[in-house]
**Student:** 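Below is a structure I'd like to ask you about.
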Amino acid sequence: MTDSKINSMLMKLPDETGKGDVMAATSVLQQKANEIRNNSINWQSYLQSQMIGDDDYRFITEFLSSDGSKRDTLLEEQRGQCAKTFLSLLEHISKDQTVQYILTIMDDMLQEDMNRVEIIREYAKKKRENVWSPFLNLLNRPDGFIQNMTSRIIAKLACWSRDPMEGSDLTFYLTWLKDQLQMPGNEYVQTTARCLQMMLRDEKYRLVFAGMGGVSVLANILSGRINFQIQYQLSFCLWVMTFSTQLVEQMNKHKIIPILGDILNDSVKDKVTRIILAVFRNMIEKPEDAAMIKENCVAMVQAKVLKQLSILQQHKFDDEDIMADIEFLTEKLQASIQDLSSFDEYSTEVKAGRLEWSPVHKSERFWRENAPRLTEKNYELLKMLVHLLETSRDTLVLAVASYDIGEFVRHYPRGKSIIEQLGGKQMVMQLLAHEDSNVRYEALLAVQKLMVHNWFV
């Protein structure tokens, strides 16, 4: 499938930000929007105090009293006035309650017909004004509802309009979304994730988001304690990102496979299972680099995905796509095991940062044959081992990494000096005082191997 066809397919995915979506209807934003729609605004008082003009008063009262075909006709005949009125009201009225109401009915108007985004775009173009400025400014308001309803409108304008969002405006908005995702206790996080789901369906937007560390942010959030709805939404974001093959490599760097593997193993929701399997399928199907495909397969085996697939095969799923993905992944992962070398297994374990006492660690033959390979790619695997010694809080990982450092030194002639240069000796020495007895024991053995001239003697 060509890039243009992929983008076209993604942009036509069902829009999950609409009122028809059950989950959207239960989000905090939609609950409050339902209350706000029932508010009564005294537009007459705004007119009398000269905060709005006659033409804006006439349009907004007529707009609110119309629906269906009558509203379609009004918007068709008064496109310019529509945009002018909404933007003028947002500019001149500061009361939170009224601004909330204006944004809600504006969002409803766009939701009824996605082509109406052009009303705003055409007006800004005609006036030679920046279409984004009025909305981006509202993201700085202290009121959470105003911020997030504005964000919905921005996402619609950016995804449905003929003119895409670009430059500093795009950077500002995506940064805002990224920050909102990470904000502790954000009651509107579901809305933030929905806006990101919309934006990342466009390749231009997902490349910019990835460029500002977006994959790392998604990985960090998914590895924490979050509810299944956010798991689904952020996994959806990763899924659309896998259609840009250059981003799959970034996902490997941020250990997306083991993170999603953990969620898959614990998942009780079909939609979470379905989207994670779709991510995994794309991570095998989309890359053109055979080495990357192999690495991804091995990482999935390491994350116990194959075991989970065999459990899922016993389930009865209504969704044919899930069954197709289960069969595809099972076939590919089983095939990858057939030609999996012990070094591939070890390398994947280190890169995933999930060391355990698998057979390769204690295999004399493995170290004799593969110790030199740990120096490849500018000591890539050794640097990762040292980094694990420095950063991991997992006692099993620390014990195994210490053992591996000792075995490398024992089997590689220049091992001691290399480990010292990489700071590994200092890290192992520090672990001699670790509270866990197994970590202390393995660290002590590693230090002895670093000190002794000929361990075999």
Side-chain angles (χ1 to χ4, degrees), residues 17-19 24-25 27-67 71 74-75 78-112 116-117 119-121 123-124 127 129-158 169 172-173 176-177 179-180 183 185-192 194-195:
T17 63
K19 289 185 287 183
S27 75
V28 173
L29 190 84
Q30 286 300 339
Q31 288 171 13
K32 292 189 177 180
N34 289 335
E35 296 168 12
I36 288 165
R37 287 185 191 96
N38 295 323
N39 290 345
S40 179
I41 306 295
N42 188 348
W43 301 108
Q44 185 76 40
S45 68
Y46 284 115
L47 177 65
Q48 288 169 347
S49 59
Q50 297 184 331
M51 291 179 72
I52 64 174
D54 288 336
D55 55 347
D56 293 331
Y57 173 77
R58 273 196 304 272
F59 179 84
I60 195 66
T61 51
E62 192 176 350
F63 175 83
L64 292 171
S65 63
S66 65
D67 56 17
R71 179 173 290 185
L74 175 69
L75 293 175
Q78 299 191 45
R79 291 172 74 83
Q81 184 61 52
C82 170
K84 176 192 173 297
T85 295
F86 275 114
L87 294 173
S88 177
L89 294 176
L90 289 174
E91 183 183 355
H92 294 108
I93 295 176
S94 58
K95 188 179 178 184
D96 278 356
Q97 188 181 11
T98 309
V99 174
Q100 289 173 351
Y101 184 82
I102 295 163
L103 290 168
T104 300
I105 60 172
M106 190 175 183
D107 183 68
D108 288 346
M109 175 187 76
L110 300 179
Q111 191 66 46
E112 287 167 8
R116 289 175 181 168
V117 295
I119 294 174
I120 312 297
R121 184 191 66 84
Y123 179 81
K127 290 285 184 179
E129 294 172 355
N130 184 328
V131 69
W132 309 107
S133 294
F135 301 105
L136 294 177
N137 289 337
L138 287 171
L139 294 180
N140 294 318
R141 291 279 288 251
D143 182 81
F145 182 90
I146 289 175
Q147 289 180 9
N148 286 276
M149 189 55 85
T150 300
S151 177
R152 274 173 62 98
I153 292 171
I154 293 171
K156 289 180 170 78
L157 290 171
D169 295 324
F172 181 91
Y173 179 52
W176 184 86
L177 288 176
D179 293 344
Q180 293 297 304
M183 189 170 78
N186 178 8
E187 63 176 332
Y188 295 102
V189 66
Q190 199 172 308
T191 298
T192 305
R194 289 190 179 285
C195 292

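All heavy atoms count here, side chains included; hydrogens, waters and symmetry mates do not.
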**Student:** Specify the closest pair of heavy atoms between Asp169 and Leu136, including all atoms of both residues, with the distance to one decimal.
**Tutor:** OD1-CD1, 3.5 Å
**Student:** Got Val189 and Met183 here, is their nearest side-chain heavy-atom distance under 4.5 Å?
**Tutor:** no
**Student:** Taking atom CD of Gln100 and atom CD1 of Ile41, what is their separation to the nearest 0.5 Å?
**Tutor:** 9.0 Å
**Student:** Counting heavy atoms not belonging to Gln50, are there more than 12 under 6.0 Å from its CD?
**Tutor:**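 For Gln50, atom CD is not crowded (no more than 12 foreign heavy atoms under 6.0 Å).
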**Student:** Give the minimum heavy-atom separation between Gly144 and Tyr188, together with the two atoms involved.
**Tutor:** C-CE1, 3.6 Å
**Student:** Rounded to the nearest 0.5 Å, how far does CG of Leu90 lie from OG1 of Thr98?
**Tutor:** 11.0 Å
**Student:** Listed by chain and number, what are the ring-ring contact (aromatic ring centres under 6.0 Å, His included) partners of Tyr173, not counting sequence neighbours?
**Tutor:**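 Partners of Tyr173 under the ring-ring contact (aromatic ring centres under 6.0 Å, His included) test: none.
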**Student:** Check Leu139 against Ile154 and note the closest heavy-atom contact, atom names and distance.
**Tutor:** CD1-CD1, 3.9 Å
**Student:** Hey, what do you get for CZ (Phe145) to CD (Glu187), rounding to the nearest 0.5 Å?
**Tutor:** 11.0 Å
**Student:** If I take atom SG from residue Cys82 and atom CG from residue Leu75, how far apart are they, to the nearest 0.5 angstrom?
**Tutor:** 5.0 Å
**Student:** Please collect all salt bridge (Lys or Arg N to Asp or Glu O under 4.0 Å) contacts where either partner lies in residues 138-147, sequence neighbours excluded, each pair once.
**Tutor:** Asp96-Arg141
**Student:** At what distance, to the nearest 0.5 angstrom, does CD of Gln147 lie from CG of Leu29?
**Tutor:**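 Separation between the atoms: 11.5 Å.
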**Student:** After noting the C-alpha distance and the side-chain angles of Arg116 and Gln111, does the key distance pass the side-chain contact (heavy atoms from CB on, under 4.5 Å) rule?
**Tutor:** CA-CA 9 Å; Arg116 289 175 181 168; Gln111 191 66 46; over 6 Å; no
**Student:** A side-chain contact here means heavy atoms from C-beta on lying under 4.5 Å apart; do Thr150 and Trp176 qualify?
**Tutor:** no
**Student:** Write down the atom of Trp43, the atom of Ile52, and the distance for their closest heavy-atom approach.
**Tutor:**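 Heavy-atom minimum between the residues: O-CD1, 4.0 Å.
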**Student:** To the closest 0.5 Å, what do you measure between CZ (Arg58) and CD (Gln78)?
**Tutor:**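 Answer rounded to 0.5 Å: 9.0 Å.
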**Student:** Below 4.5 Å, heavy atoms only, C-beta onward: do Thr191 and Arg152 meet side chain to side chain?
**Tutor:** yes
**Student:** Given side chain to side chain donor-acceptor pair (under 3.5 Å), test Tyr57 with Gln44 step by step and report yes or no.
**Tutor:** CA-CA 8 Å; Tyr57 173 77; Gln44 185 76 40; 2.9 Å; yes
**Student:** Would you please test Asp55 and Gln81 for side-chain contact (heavy atoms from CB on, under 4.5 Å) and show each step?
**Tutor:** CA-CA 8 Å; Asp55 55 347; Gln81 184 61 52; 3.7 Å; yes
**Student:** I would like to know whether Lys156 and Asp107 meet side-chain contact (heavy atoms from CB on, under 4.5 Å); could you show each step before the answer?
**Tutor:** CA-CA 9 Å; Lys156 289 180 170 78; Asp107 183 68; 2.8 Å; yes
**Student:** Look only at the side chain of Asn34 and the backbone of Gln30, and say whether a donor-acceptor pair between them is shorter than 3.5 Å.
**Tutor:** yes
**Student:** Does Asn130 reach the side chain of Phe135, with side-chain heavy atoms less than 4.5 Å apart?
**Tutor:** no
**Student:** For Arg71 and Phe63: C-alpha separation, side-chain torsions, deciding distance, then whether side-chain contact (heavy atoms from CB on, under 4.5 Å) applies.
**Tutor:** CA-CA 7 Å; Arg71 179 173 290 185; Phe63 175 83; 3.7 Å; yes
**Student:** How close do Gln180 and Asn186 get, heavy atom to heavy atom, and via which atoms?
**Tutor:** O-ND2, 3.0 Å
**Student:** Find out whether Asp56 and Tyr46 are in side-chain contact, i.e. whether some heavy atom of one side chain is under 4.5 Å from a heavy atom of the other.
**Tutor:**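 Asp56 does not reach Tyr46 side chain to side chain.
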**Student:** What are the two closest non-hydrogen atoms of Val131 and Pro134, and how far apart are they?
**Tutor:** O-CD, 3.6 Å
**Student:** Is it true that Glu91 and Lys84 make a salt bridge, defined as a side-chain N closer than 4.0 Å to a carboxylate O?
**Tutor:** no
**Student:** Name the residue from Ile105, Ile119, Ile153 that meets the side chain to side chain contact (heavy atoms under 4.5 Å, CB included) definition with Phe86.
**Tutor:** Ile105
